[in-house]
Amino acid sequence: MSAMSHGHTGESNREGPLVAADVADAFTLPSHWYTQADIFQAERERVFGASWQLVAHAAALANPGDYVTMNLVGEPLLLVRGDDGLLRAFYNVCRHRAGPVALGSGCRRGFQCAYHGWTYGLDGRLRQAREIEGTGHFEPEAFGLVPVAVAVWGPLVFVNLDPAAPPLEAVMAPIGQEMRAAGFDLARVVPRVRRDYELQCNWKVYVDNYLEGYHIPIVHPGLFRELDYARYQVEPRGHYSKQFSPTRSAGTGAAHSGYGRYDAGTEALYYWIWPNLMLNIYPDNVSTNVILPMGVDRTLTIFEWFFQPGTDEAAVRDTVAFSDEVQQEDIVICEHVARGLQSASYDRGRFVAARENGVHHFHRLMAATLSAER
Ligand code: FES
Ligand SMILES: [Fe+2]
């Protein structure tokens, strides 16, 4: 049974796809997609287990032995730069009885499991299993760490749990070309600030919210004053979408958001990349937002800012403060929406065709991903 055949899906779905191809005809995803554990399990496997996920900075893995560990939607992972200079990723799961072979981050010559001390090389090979001599037919070469696909894009390191995934470059190349054409150089910026926010909502509530500017006049009055709302556009592409939000005028009240701090006509680029990454690109900084489900009704958003080398501390602080104000407004509304989606009164809504084409695009991708044959 496919995940989307669970439960009732609303009156628009007697025939045809769950989310109609034309935004003007479509209904939003059913509310149980935001609340039910079986959908979340399907997402772990088919969405987060089969897409490129931003997990680290290349700067943290520059030298042989540099390693970082993380938890990716329930999967413990380990990234390490080998003696041969190659960057590798593994499940951080010992082949003995599933202990962690590395904790935290740092620089090491090899790894030792925290449980019974089996040791592994930086290349994942099992080096030593203590007191294994009496165990029959034990083949150390078959007990190396299980590898995971890893790739680097500018200063960002991604992993993909699906060994058959298309290369990261295929996903990111069109975005990189647009960025270079607009004069942004991702290779030059360095990480400066990280902020984590935890929300009481399903991860898709936050993604939906990012993908439309329709709520800006209501939820973000300060931001609204800075933007040329009439010209705000969302352009869905294959597995990403691009938003364009020109500023309204030069030099007016810069106090409300990062969006308004540039001269009129300055082009900022905002990308959403399937399923949970946002790239916000300004002339002097780039920020990433990673949206990670911690459960069906809990979400961690990780914001990180990259600046040109030498950017002074005050400019960094201003940018982060502007963003934080908008984020706090989004958190409040997303948590209300999460409660609304649990109401017995609500199942599916309609899209405002002129403004919510990006949300529609995301819902189409979700429906296709969870309904495809396994
Ligand atoms: S679980 Fe790793 S050595 Fe036992
Ligand atoms: Fe918002």
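Note that ligands are numbered from 1 as they come in the structure, with each ligand's atoms numbered from 1 the same way. For reference, positions follow the sequence shown, starting with 1. Side chains are part of it too, since the values below use all heavy atoms of this structure and drop only hydrogens, waters and symmetry mates.
- Looking only at atom types and distance, the side chain of Tyr214 has no donor-acceptor partner in the side chain of Tyr229 under 3.5 Å away.
- Classified by interplanar angle (parallel below 30°, tilted 30° to 60°, perpendicular above 60°), the ring pair Phe138/Phe143 is tilted.
- Taking the Fe ion (ligand 2) as reference, His220 places its N/O/S atom NE2 nearest.
- Defined by atom type and a distance below 3.5 Å, a donor-acceptor pair is present between the side-chain atoms of Asp208 and Tyr34.
- Looking at Tyr206 and Asn276, their side chains never bring a donor and an acceptor atom within 3.5 Å of each other.
- A donor-acceptor pair is defined here as one N or O able to donate and one able to accept, closer than 3.5 Å; such a pair exists between the side chain of Arg81 and the backbone of Leu61.
- The line from CH2 of Trp272 to CZ of Arg237 is 13.0 Å long, rounded to the nearest 0.5 Å.
- For the pair OD1 of Asp330 and NE2 of His215, the angle whose vertex sits at the Fe ion (ligand 2) is 100° to 10 degrees.
- The Fe ion (ligand 2) has no N, O or S atom of Glu329 closer than 2.8 Å.
- If you look at Phe90 and Tyr120, their ring centroids are not closer than 6.0 Å.
- Protein atoms of type N/O/S that fall under 2.8 Å from atom 4 (Fe) of ligand 1 number 2 in this view.
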